Structure formats: C-alpha cells, structure tokens
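As structure tokens, the structure follows; a few thoughts come after it.
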Amino acid sequence: MSEIGDLAVLLAALNDAELLEVVSTATAGRPALHRLHRAATESADPDADPVSDVNSDTTTITILGPSPAPDMSGQVAGGFVAPSAPTSVEGAGYRPESPVPTFESVRDKVERRYGTARGMTELDRDTPAGRSVDEQWLAREKAARDRLEQIRKTMRGDDDARS
C-alpha cells in the first residue's frame with residue numbers, strides 16, 4: 001500500500017468519525033497543519049476545548065455552509081478523486097450565499113475578453129501578413145466596383161441603342 005491512490009481509497013471508505021480521528025491523529029504536532037488539525041478536532045467534538053498542541057495565534061476557520069461532497073468523476077475505476085481546493089467566494093464576483101457569479105462579474109469578464117479580442121485584431125493588422133490581407137481586400141473591393149461600373153455602362157449602352 002505504498003501508493004497514494006490506495007491510501008485515498010481506504011480513507012474514502014471510512015465513515016466521517018473515523019476519518020476525522022485519522023486526520024486529527026496524523027496532523028497532531030505539525031505546525032504547518034495546525035488549521036487542519038483544529039478543524040478535524042472541532043468537527044469530531046464541537047464542544048471540545050481547543051487542542052493544546054495548536055498554538056494560540058491560529059485563526060478561526062469560518063465555514064460558509066455544508067461542505068460539498070467530493071467530486072467523483074468515475075474515470076478511475078473504484079478510485080477516489082480528491083475535491084478541488086476551496087476558493088474564496090468573496091471578492092471574486094460571487095455572492096457568499098451561492099456559487100452563482102454576479103451579473104457585474106460576468107459583464108466584466110465578457111468586456112475583458114472582447115477588449116482582448118479587439119486588441120489582438122488591431123495587432124494582427126500591424127503585421128506584414130495582416131497588411132497583406134487588408135491590401136488584398138481593398139484590391140478586391142476596387143475590382144468589384146470597377147466590374148459593377150462596367151456592367152452598368154453596358155446596360156446603359158443597351159438602353160441608348162434601343163431608343
């Protein structure tokens with residue numbers, strides 16, 4: 001069982017209380033994981049006092065709502081797919097109470113993409129290939145106008161011949 005995938009499968013098979021006990025035991029005494037240790041300990045027993053090996057300058061973890069179920073893609077046969085890292089919802093164009101983006105954030109994103117596309121188009125026209133395409137377009141436009149004028153003259157000539 002040296003592979004991380006095997007370990008993840010075993011951990012996924014545990015019930016919540018057992019998993020919290022494993023996380024609490026595995027993170028005890030590790031300063032870099034003190035937030036995880038505290039969260040696991042408090043989740044196991046919400047009325048428990050803070051654990052003594054967690055330093056006093058730890059910040060409180062605010063949980064916005066129930067944690068989502070892990071994303072199981074089904075691509076790995078019987079394997080556990082770890083959920084993505086949580087992202088900050090405040091200040092990212094999302095309302096704290098729902099995962100739906102605000103209208104303003106969507107509008108800003110669309111405007112940024114449109115501006116980028118416009119800028120790239122302008123930059124493309126400044127390249128030799130872009131200038132060549134513009135010159136070809138202008139030449140075709142001129143040829144089309146000349147041909148249309150020629151057709152009109154021919155038609156006017158036919159009208160003058162009949163009179």
Side-chain angles (χ1 to χ4, degrees), residues 2-28 30-46 48 50-51 54-145 148:
S2 62
E3 293 184 19
I4 295 175
D6 293 340
L7 183 60
V9 170
L10 291 173
L11 290 173
L14 298 176
N15 66 35
D16 290 351
E18 293 170 336
L19 182 59
L20 285 171
E21 184 179 335
V22 169
V23 171
S24 178
T25 304
T27 57
R30 295 184 181 199
L33 300 174
H34 67 275
R35 290 183 181 174
L36 179 60
H37 179 76
R38 183 173 182 171
T41 305
E42 289 177 358
S43 294
D45 185 11
V51 179
V54 178
N55 58 19
S56 61
D57 62 330
T58 357
T59 58
T60 305
I61 297 173
T62 305
I63 299 174
L64 296 175
S67 61
D71 183 3
M72 301 297 276
S73 67
Q75 295 178 354
V76 180
F80 173 78
V81 179
S84 61
T87 57
S88 171
V89 281
E90 292 185 29
Y94 290 86
R95 292 184 187 89
E97 68 275 359
S98 82
V100 179
T102 61
F103 176 76
E104 292 80 19
S105 69
V106 172
R107 184 186 61 222
D108 291 344
K109 190 173 188 178
V110 168
E111 287 176 353
R112 265 195 319 274
R113 287 184 180 178
Y114 177 74
T116 301
R118 287 281 304 245
M120 291 180 76
T121 301
E122 291 176 12
L123 289 174
D124 283 344
R125 287 186 178 166
D126 290 341
T127 64
R131 285 191 297 271
S132 172
V133 169
D134 284 342
E135 291 167 1
Q136 289 174 3
W137 176 260
L138 292 174
R140 287 182 183 157
E141 285 277 316
K142 184 180 181 311
R145 279 194 303 272
L148 182 60

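Remember, it's a predicted structure, so these values are computed and weren't measured experimentally.
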Which atom pair, heavy atoms only, marks the closest approach of [X] to [Y]?
X    : Y    : answer
S105 : P101 : OG-CB, 3.6 Å
S24  : A40  : N-CB, 4.1 Å
R125 : R131 : O-CG, 3.4 Å

| query | Out of L11, T41, L36, which residue meets the side-chain contact (heavy atoms from CB on, under 4.5 Å) rule with V23? | reply | L36
To the closest 0.5 Å, what do you measure between [atom1] ([X]) and [atom2] ([Y])?
X    : Y    : atom1 : atom2 : value
D108 : T102 : CG    : OG1   : 8.0 Å
Y114 : R118 : OH    : CZ    : 4.0 Å
L19  : L10  : CG    : CG    : 11.5 Å
N15  : E21  : CG    : CD    : 9.5 Å

| said: For the CD atom on E18, are there more than 12 heavy atoms of other groups (residues, nucleotides or ligands in this structure) within a distance under 6.0 Å? | reply: yes
| field | D16 atom CG, neighbour heavy-atom count above 12 within 6.0 Å | value | no
| Sequence-distant partners of E141, salt bridge (charged side-chain N to carboxylate O under 4.0 Å, His left out), two or more places apart | R145
| request: Answer yes or no: is there a donor N or O on one side and an acceptor on the other, between the side chain of S132 and the main chain of P128, under 3.5 Å? | output: no
| task | For L138 and K142, run side chain to side chain contact (heavy atoms under 4.5 Å, CB included): C-alpha distance rounded to whole Å, both residues' side-chain angles, the deciding distance at 0.1 Å, then the answer. | result | CA-CA 6 Å; L138 292 174; K142 184 180 181 311; over 6 Å; no
